[in-house]
Protein chains: 4
Amino acid sequence: MSRVERWEHAVEWPLVVAAFAFLTAYAIPIVDPEVDPAVRDVCTTVLTVTWIAFALDYAVRLVLSDRRWAFVRSNVLDLAVIALPVLRPLRLLRLIALVAVLNRAGANSLRGRVVTYVIGATTLLVVCGALAVTEAERGHPGATIEDVGDGLWWAATTITTVGYGDRYPVTTTGRFVAAALMISGIALLGVVTATLASWLVERVTEAGEQERAATHAQVSALHDEVLLLRAELAALRTSGRTDDDPA
Amino acid sequence: MSRVERWEHAVEWPLVVAAFAFLTAYAIPIVDPEVDPAVRDVCTTVLTVTWIAFALDYAVRLVLSDRRWAFVRSNVLDLAVIALPVLRPLRLLRLIALVAVLNRAGANSLRGRVVTYVIGATTLLVVCGALAVTEAERGHPGATIEDVGDGLWWAATTITTVGYGDRYPVTTTGRFVAAALMISGIALLGVVTATLASWLVERVTEAGEQERAATHAQVSALHDEVLLLRAELAALRTSGRTDDDPA
Amino acid sequence: MSRVERWEHAVEWPLVVAAFAFLTAYAIPIVDPEVDPAVRDVCTTVLTVTWIAFALDYAVRLVLSDRRWAFVRSNVLDLAVIALPVLRPLRLLRLIALVAVLNRAGANSLRGRVVTYVIGATTLLVVCGALAVTEAERGHPGATIEDVGDGLWWAATTITTVGYGDRYPVTTTGRFVAAALMISGIALLGVVTATLASWLVERVTEAGEQERAATHAQVSALHDEVLLLRAELAALRTSGRTDDDPA
Amino acid sequence: MSRVERWEHAVEWPLVVAAFAFLTAYAIPIVDPEVDPAVRDVCTTVLTVTWIAFALDYAVRLVLSDRRWAFVRSNVLDLAVIALPVLRPLRLLRLIALVAVLNRAGANSLRGRVVTYVIGATTLLVVCGALAVTEAERGHPGATIEDVGDGLWWAATTITTVGYGDRYPVTTTGRFVAAALMISGIALLGVVTATLASWLVERVTEAGEQERAATHAQVSALHDEVLLLRAELAALRTSGRTDDDPA
């Protein structure tokens, strides 16, 4: 395990906790825009602290890595999320790590893990998308998404590609959030279908698998048979010589 | 067969009948909101009686089961459906058991059963979704779903993820019904695609299967051949000895 | 080939021609509602004649079939299409037989035929759906589909499950046409995906197929080898006896 | 490599550059309709020059090909794109060749190439669809797509089959662009799902593959064993004769 991996393992849980704190502090002023100013201040502080935590994590990983340029190039999204305030909601993606952590403790089969991941990631995407779009749209002239309830409803219609059009974003930020949800929706549909298809294919080819296993067993038996044959032949050769010798 | 399984087997048909009675009693006042008060009273009675039946079934299964906490945990949806009036329409899910029962008498292949299940479950979901959304929306200010015809049309556009947006729910209950239909739509699309894909994969790999079967047969033939070889060798050994003995 | 099959083979092309004539006669008054009354009369006559042709075909097949009740049960859609005027547009489904006929002359691979079928059937469905919905909607209060151009555009947004909602049916007939197109859209998506998936699965498992073929060839070679071995052993036995005899 | 193939290889990069120049010259007056007339003139010149380049390429390929009628028939889309001004945006399809060129230098696996192709082709389709629809719709009475921002947003909602309906084309050209994007959306969904499904199927059948490889190795070992057996038998036969000879 390299130094970077040891660091990542050590801060996995703290960062998930930070992401949860971030989610809460991010959500409160969006859910209730007339929240008490003191609460709003606490939220702002938590957002700043978690931002520092994510920035520190990035810096430590950069310092610890052997090939720094390769690290920067392959973690360009992490850097963008930290540096650009507009990508702030993406910090919640760290919570998907939580799904991965929970997953590790859970189901073992590939498909079991795919199912857990899909449910976890979809729920997170809908919640984060709803918060981000509500923050972007509320109060904008012509906006149809005015509170988190609207945002959640809109996020659900978007990720399932239903798209009634009773609510839709009108700001550029809101439209980027929408694009992310739409792409997730395509991926969601793909993952659900692919999981079902692979299960069906497996069930249907089970008979073939059994025959293959039978062939495998039979080839093994054949191998043993041939070894016995060779042993017998060797015995014959020796006995032939022994029989001949006294003659 | 455990005691719980025997109970479930025994009440399968009675509960399907109860679910049908529930569906009818639930549908009538929604389809015709100005139905005769006497009919409405009969419907209310039927709803109460079927509710008692479902509650009794849950209680008996709980009492009969060996590990009660495990039972409560793995049947939390059943409990919620009985205890929470808002989840009342979900009692109709019991009718999906009817699809399963009909299925058992029908097609044998995995895909045949998948197809029956998809058609049955989709029809039920559209009907129940239409009833539930009409009950939730009718009379609500700004509602666009005012009768069961609208509800059925809206349910069809939702489960196929078309979502014109000429009708859409505006109440929280209606939106939850919508979310259930959307998720069903994703699942429906996934199941249809996966069934087709597994059929095509099977057809395309049929040649490979035939070759595999041929390999299997040939290995069997080879095995017989080697056994014959060994028998012949044994004969040779004996004959060698017999031939030598008199010498 | 049974008598029914011989009949079906003989009338295949005539019925496709009848379906084309039906399509033309059905389309003209819908495309141009202010068509010359003489043309409209010709169209009405063609519709009647093709209706008689389809009814005759059904009657002949019923008379020729050995088990008439089984025939009626398994061709209930054909009967409904002939008997119910509201299902008239479904007579165009006969044109899908044309796709099948063209197909037979074309590509041989399973996937090639699936692709031809999907393109042919989708085009037909969009055209027929557009005609049927325009006939049902035009002139209806609140209708948004007023001519065949609108109908085609609406059919395309529906079968691809996009559903903008700028045009949507408001009549019951129109909504049934929409439901048929939506279901076709789900099937279309499923078939496209499944065809691609089976192609990818085949390409990915090609290496395995080659190995399987190699195994098959090697088992064949092994079989030959063992046969040679047995021949040699037989030769040894004979030669052993021959060698011993003079001794 | 035939003469046509050598030509195509030689002009691959120049044509991609021409397509990029075309894209820029096509986009500028659409993005900024009040652009300086001098810039507009440059754009018009670039469009003419690139049109000549594409027409020349088609002519040279036609002249170089051995069977000219076959060439015309199998390149009918190329001819239409050059000859019909309305299909002008399709010249950008040449940029998909760029994706293919980039791809060749990149990932080797089939799925890696599919993923690159999907991302590249989808981005190009959204950009070109947005430009084409904006050009067609802007200024049209009742149009909802008035600038490139609206066009991009509409293209994203269309290709993902979400279709809110807040923006939709009202011109015939715009509706054809929409149909192309919808079909691409179906294909996109299909490709994403199929790629995931083939990956899952491969992972799930990996165990079977390993067993197959084991069977293959075992058959090889068996073959060696039988060859040894035959050698030993040959030795026995010789030794038998040698042993007998002195007797």
Side-chain angles (χ1 to χ4, degrees), chain C residues 118 122 126 149-150 152-153 156-168 185 188-209 211-212 214-219 221-226 228-230 232-233 235-236 239-240 243-244 246-247, chain D residues 109-111 114 144 154 157-170 172 175 178-179 181-183 185-187 189-199 201-202 205 208-209 212-213 215-216 218-220 222-223 225-227 229-230 233-234 236-237 240-241 243-245 247:
Chain C
V118 163
T122 307
V126 168
D150 287 350
L152 281 169
W153 167 243
T157 63
T158 300
I159 206 168
T160 55
T161 79
V162 170
Y164 290 119
D166 56 334
R167 319 250 162 227
Y168 51 86
L188 168 67
L189 230 166
V191 171
V192 168
T193 305
T195 309
L196 284 164
S198 90
W199 177 77
L200 268 177
V201 165
E202 197 184 18
R203 289 293 297 267
V204 160
T205 58
E206 229 158 45
E209 288 300 318
E211 196 180 83
R212 184 148 64 208
T215 304
H216 190 73
Q218 208 164 18
V219 169
L222 189 58
H223 197 243
D224 295 350
E225 205 67 52
V226 168
L228 278 173
L229 196 62
R230 241 181 100 191
E232 210 155 318
L233 196 63
L236 174 65
S239 86
D243 285 4
D244 285 358
Chain D
S109 74
L110 179 64
R111 266 200 301 272
V114 167
T144 52
W154 167 83
T157 63
T158 300
I159 206 167
T160 55
T161 79
V162 170
Y164 290 119
D166 56 333
R167 319 250 162 227
Y168 51 84
V170 294
T172 306
R175 285 177 174 181
L181 279 178
M182 286 170 200
I183 294 166
I186 298 278
L189 230 166
V191 171
V192 168
T193 305
T195 308
L196 284 163
S198 89
W199 177 76
V201 165
E202 197 183 18
T205 59
E209 288 298 318
R212 184 147 63 209
T215 305
H216 190 74
Q218 207 164 19
V219 169
S220 286
L222 189 59
H223 198 243
E225 205 66 53
V226 168
L227 286 181
L229 196 62
R230 242 181 101 192
L233 198 63
L236 174 65
R237 214 172 157 186
R241 204 162 288 156
D243 286 3
D244 286 357
D245 277 359

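Chain naming here is simple, since letters A, B, ... match the order of the sequence lines and numbering starts at 1 in each. Computed over heavy atoms, backbone and side chain alike; hydrogens, waters and symmetry mates excluded.
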Can D:R175 and C:D150 be said to form a side chain to side chain contact (heavy atoms under 4.5 Å, CB included), step by step?
-> CA-CA 10 Å; D:R175 285 177 174 181; C:D150 287 350; 3.7 Å; yes

Give me the atom names and distance for the closest heavy-atom approach of [X] to [Y].
| X | Y | value |
| --- | --- | --- |
| D:S198 | C:L200 | CB-CB, 3.8 Å |
| D:A197 | C:A197 | CB-CB, 4.5 Å |
| C:L196 | D:A187 | CD1-O, 4.3 Å |

Is it the side chain or the backbone of D:V191 that comes within 4.5 Å of chain C heavy atoms, both, or neither?
->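 D:V191 touches chain C through backbone and side-chain heavy atoms alike.
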
Contact origin within D:T195 toward chain C - heavy atom pairs under 4.5 Å |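 Both backbone and side chain of D:T195 come within 4.5 Å of chain C.
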
Output the distance between atom CG (C:L189) and atom OG1 (D:T193), rounded to the nearest 0.5 Å.
->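 The distance works out to 7.5 Å.
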
Interface residue of largest heavy-atom contact number with chain C, from D:P169, D:A194, D:A179, under 4.5 Å |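 That would be D:A194.
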
What is the ring orientation for D:Y168 with C:Y164, classed by angle as parallel under 30°, tilted 30 to 60°, or perpendicular over 60°?
->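 Geometry flag for C:Y164 against D:Y168: tilted rings.
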
